[in-house]
> 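Below you'll find the structure I mean.
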Amino acid sequence: METSFQRDKLDNQILSALMKEARTPFAELAKRFNVSAGTIHVRVEKMKQAGIITGAQITVNPKALGYDVCCFIGINLKSAGDYPAAISKLNELEEVVEAYYTTGNYSIFVKVMCQSIDELQHVLINRIQSIDEIQSTETLISLQNPITRAVKP
């Protein structure tokens with residue numbers, strides 16, 4: 001993986017376009033930016049090698065799939081050495097969609113998606129709080145997600 005890759009204006013334009021629509025054909029990008037499709041291909045490959053582009057994905061609407069409850073759970077561990085085991089066990093829970101190792105009030109902060117409050121209660125009590133390495137949790141239920149965006153290239 002390259003570490004000295006320097007992006008320029010064209011790289012940033014390509015990234016912005018692909019972040020909006022990852023399936024945009026290279027030929028279309030080439031026309032838009034007045035370069036060859038080969039140039040787009042080479043630039044994208046270099047950004048992949050540099051670890052800037054790590055993949056392309058489809059974004060889904062969780063509510064349309066029946067996931068009506070989004071919450072964030074702050075987790076306090078019994079000891080700092082419990083982190084690897086706790087993360088490993090949290091990773092096994094499909095309801096945990098993101099996890100962060102943090103500073104501040106919590107050791108770990110996770111995002112959990114459930115289909116109902118009853119399901120959240122079950123996951124919290126029977127799956128998360130039953131992990132031996134976890135001392136305590138605090139749950140914050142999300143009412144809205146008014147801002148969702150990727151970083152700007």
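Residue numbers start at 1 and run along the sequence shown. Everything numeric here is computed off the predicted structure, so don't read it as measured data.
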> Nearest heavy-atom pair of R43 and I14: which atoms, and what distance?
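Smallest heavy-atom distance, with atoms named: CB-CD1, 3.7 Å.
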> Testing E92, E95, E94 for salt bridge (Lys or Arg N to Asp or Glu O under 4.0 Å) with R127, which one passes?
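Between R127 and the candidates, salt bridge (Lys or Arg N to Asp or Glu O under 4.0 Å) is satisfied uniquely by E95.
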> Could you tell me whether N145 atom CG has more than 12 heavy atoms of other residues or ligands within 6.0 Å of it?
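Yes, enclosed.
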> Assigning hydrophobic clusters by single linkage (Ile, Leu, Val, Met, Phe, Trp, Tyr; side-chain heavy-atom cutoff under 4.5 Å), is V123 placed with I108?
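Linked within one cluster.
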> Using the rule that two of Ile, Leu, Val, Met, Phe, Trp, Tyr join whenever any of their side-chain heavy atoms come within less than 4.5 Å, decide whether V151 and I147 are in one cluster.
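V151 and I147: separate clusters.
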> Looking only at non-hydrogen atoms, find the nearest pair between K63 and D68 and report the distance.
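Taking every non-hydrogen atom into account, NZ-O, 3.5 Å.
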> Quick test of your reading: applying side chain to side chain donor-acceptor pair (under 3.5 Å), list the pairs with at least one residue in residues 104-115, sequence neighbours left out, ordered by first then second residue.
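Non-adjacent pairs meeting side chain to side chain donor-acceptor pair (under 3.5 Å): Y106-E138.
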> When rounded to the nearest 0.5 angstrom, what is the spacing between CD1 in I117 and NE2 in H122?
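That separation rounds to 14.5 Å.
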> Do the non-hydrogen side-chain atoms of R32 and T24 ever get within less than 4.5 Å of each other?
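In short, these two side chains touch, coming nearer than 4.5 Å.
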> Atom OG of S16 and atom NZ of K152: how far apart are they, to the nearest 0.5 Å?
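The OG atom of S16 sits 7.5 Å away from the NZ atom of K152.
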> Which distance, rounded to the nearest 0.5 Å, do you find between the CG of L124 and the OG1 of T137?
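If we round to the nearest 0.5 Å, L124:CG and T137:OG1 are 5.0 Å apart.
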> Quick check: do L90 and I128 have side-chain heavy atoms less than 4.5 Å from each other?
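Yes. Closest side-chain heavy atoms under 4.5 Å.
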> Could you tell me if the side chain of L93 sits less than 4.5 Å from the side chain of V112, heavy atoms only?
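Side-chain contact under 4.5 Å: no.
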> Is there a donor-acceptor pair closer than 3.5 Å between any side-chain N or O of N12 and the backbone N or O of K9?
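Side chain of N12 to backbone of K9, a donor-acceptor pair under 3.5 Å: no, none is there.
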> Let me confirm one number: the NZ-CD1 distance from K31 to I40, rounded to the nearest 0.5 Å.
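It is 13.0 Å, given to the nearest 0.5 Å.
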> Any chance you could measure I53, atom CD1, to K46, atom NZ, to the nearest 0.5 Å?
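Going from the CD1 atom of I53 to the NZ atom of K46 covers 13.0 Å.
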> Could you go through E133 and K78, starting from their C-alpha distance and side-chain angles, then the distance that decides it, and tell me whether this counts as side-chain contact (heavy atoms from CB on, under 4.5 Å)?
CA-CA 6 Å; E133 293 79 9; K78 291 180 180 173; 5.8 Å; no
> Given the rule in the side-chain contact (heavy atoms from CB on, under 4.5 Å) test, do I134 and L77 qualify, once you have shown the distances and angles that lead to the verdict?
CA-CA 5 Å; I134 293 177; L77 299 174; 4.3 Å; yes
> Tell me whether the count of non-hydrogen atoms from other residues, nucleotides or ligands lying under 6.0 Å of OH in Y67 goes above 12.
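Count not over threshold, so no.
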> Could I get the full list of salt bridge (charged side-chain N to carboxylate O under 4.0 Å, His left out) partners for E119, not counting sequence neighbours?
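By the salt bridge (charged side-chain N to carboxylate O under 4.0 Å, His left out) rule, E119 matches no residue at all.
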> Report yes if some heavy atom in the side chain of T39 is under 4.5 Å from a heavy atom in the side chain of L10; otherwise report no.
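When only atoms from C-beta onward are counted, L10 and T39 do touch, with a gap below 4.5 Å.
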> Compare all side-chain heavy atoms of R7 with those of L15 and state whether any distance is below 4.5 angstrom.
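Yes - at least one pair of side-chain heavy atoms lies under 4.5 Å apart.
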> Once you measure the plane-to-plane angle for F72 and F109, does it fall in the parallel (<30°), tilted (30-60°) or perpendicular (>60°) bin?
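If you compare the ring of F72 with that of F109, the planes turn out parallel.
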> With side chains defined as the heavy atoms from C-beta onward, is the minimum distance between I141 and L120 less than 4.5 Å?
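Contact flag for I141/L120 side chains = yes.
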> Working to the nearest 0.5 angstrom, can you tell me the gap between L143 CG and C71 SG?
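It comes to 11.5 Å.
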> Could you tell me whether the side chain of D82 reaches within less than 4.5 Å of the side chain of S79, counting heavy atoms only?
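S79 reaches D82 side chain to side chain.
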> Between E45 and K48, does any NZ, NE, NH1 or NH2 come within less than 4.0 Å of an OD or OE carboxylate oxygen?
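Yes, K48 and E45 are salt-bridged.
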> Looking at A30 and S36, what are the two nearest heavy atoms and their distance?
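In this case the closest contact between A30 and S36 is CB-C, 3.5 Å.
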> In this structure, would Y101 and I73 fall into the same cluster of hydrophobic residues linked by side-chain contacts under 4.5 Å?
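Same cluster: Y101 reaches I73 through Ile, Leu, Val, Met, Phe, Trp or Tyr contacts under 4.5 Å.
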> Do L29 and V44 have side chains that get closer than 4.5 Å, going by heavy atoms?
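A side-chain contact under 4.5 Å is absent here.
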